Amino acid sequence: QMQLVDSGGGLVQAGGSLRLSCAASGDTFSDYAMYWIRQAPGKEREFVASITWNGRGSDYADSVKGRFTISRDNAKNAIYLQMNSLKPEDAAIYYCAASKSWPTRRTEDYQYWGQGTQVTVSS
């Protein structure tokens with residue numbers, strides 16, 4: 001069993017930056033690939049980014065490529081999402097998730113989820 005706690009969301013102006021964090025506890029963190037997923041009001045959950053067990057591989061949605069960076073620190077049992085050049089369409093609740101599969105963009109493949117953190121981008 002793994003518990004994930006998301007944090008770092010907030011209100012930012014378009015063009016600004018935020019850094020999201022996800023702290024893990026419970027199961028062996030380095031056994032899992034990690035994911036960021038977001039859900040905007042009235043829309044389905046959407047894959048954002050992922051990172052391999054050892055942090056050497058990553059994958060991004062086309063909509064965030066070049067603006068967002070995912071990273072992890074296995075010593076701290078944490079992952080991060082650095083979000084730059086934010087756009088109003090990036091506004092959503094952001095969730096981290098853990099999976100023993102990588103890469104996968106199917107949310108049903110993610111075993112554990114954080115509670116989500118709200119990102120609001122003003123234009």
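Quantities reported herein were computed from a predicted structural model and do not represent experimental measurements.
For the salt bridge (charged side-chain N to carboxylate O under 4.0 Å, His left out) condition, the pairs that include at least one residue of residues 43-58, sequence neighbours left out, are Arg38-Glu46. Among residue pairs with one or both ends in residues 78-123, those qualifying as disulfide bond (SG atoms under 2.5 Å apart) are Cys22-Cys96; sequence neighbours excluded. Residue pairs satisfying the salt bridge (charged side-chain N to carboxylate O under 4.0 Å, His left out) criterion with at least one member in residues 107-123, sequence neighbours excluded, are listed as follows: Arg106-Glu108, Arg106-Asp109. Residue pairs meeting the salt bridge (charged side-chain N to carboxylate O under 4.0 Å, His left out) criterion with at least one member in residues 3-25: none, sequence neighbours excluded.
For the atom pair CH2 of Trp53 and OG of Ser30, the computed distance is 11.5 Å after rounding to the nearest 0.5 Å. To the nearest 0.5 Å, the span separating CG on Asn84 from CZ on Arg67 amounts to 9.0 Å. Here the CD-CD distance, from Gln3 to Gln115, works out to 12.0 Å after rounding to the nearest 0.5 Å.
Closest of all the heavy-atom pairs between Trp102 and Ser50 is NE1-OG, 2.8 Å. The shortest heavy-atom contact between Ser21 and Tyr80 is OG-CD2, 3.4 Å. Minimum interatomic distance between Ser101 and Ala33 (heavy atoms only, all atoms of both residues): O-CB, 3.8 Å. Nearest heavy atom pair, residue Ser123 against residue Pro88, reads CB-CG, 3.9 Å. Taking all atoms of both residues into account, the shortest heavy-atom contact from Ser17 to Gln82 is CB-NE2, 3.9 Å. Ala40 and Ala91 make their closest contact through CB-O, 3.7 Å (heavy atoms, listed as atom of the first residue, atom of the second, distance).
Asp62 pairs by the side chain to side chain donor-acceptor pair (under 3.5 Å) definition with Lys65, not counting sequence neighbours.
Within the 4.5 Å cutoff, side-chain heavy atoms of Thr104 are placed close to those of Tyr35. At a threshold of 4.5 Å between non-hydrogen side-chain atoms, the residues Arg105 and Asp59 count as touching.
In this structure, Val48 shares a hydrophobic cluster with Met2, Leu4, Val12, Leu18, Leu20, Phe29, Tyr32, Met34, Trp36, Ile51, Tyr60, Val64, Phe68, Ile70, Ile79, Leu81, Met83, Leu86, Tyr94, Tyr112, Val119, Val121, the cluster being traced through Ile, Leu, Val, Met, Phe, Trp and Tyr side chains under 4.5 angstrom apart.
With hydrogens and angles disregarded, no donor-acceptor distance shorter than 3.5 Å links the side chain of Thr120 to the backbone of Leu11.
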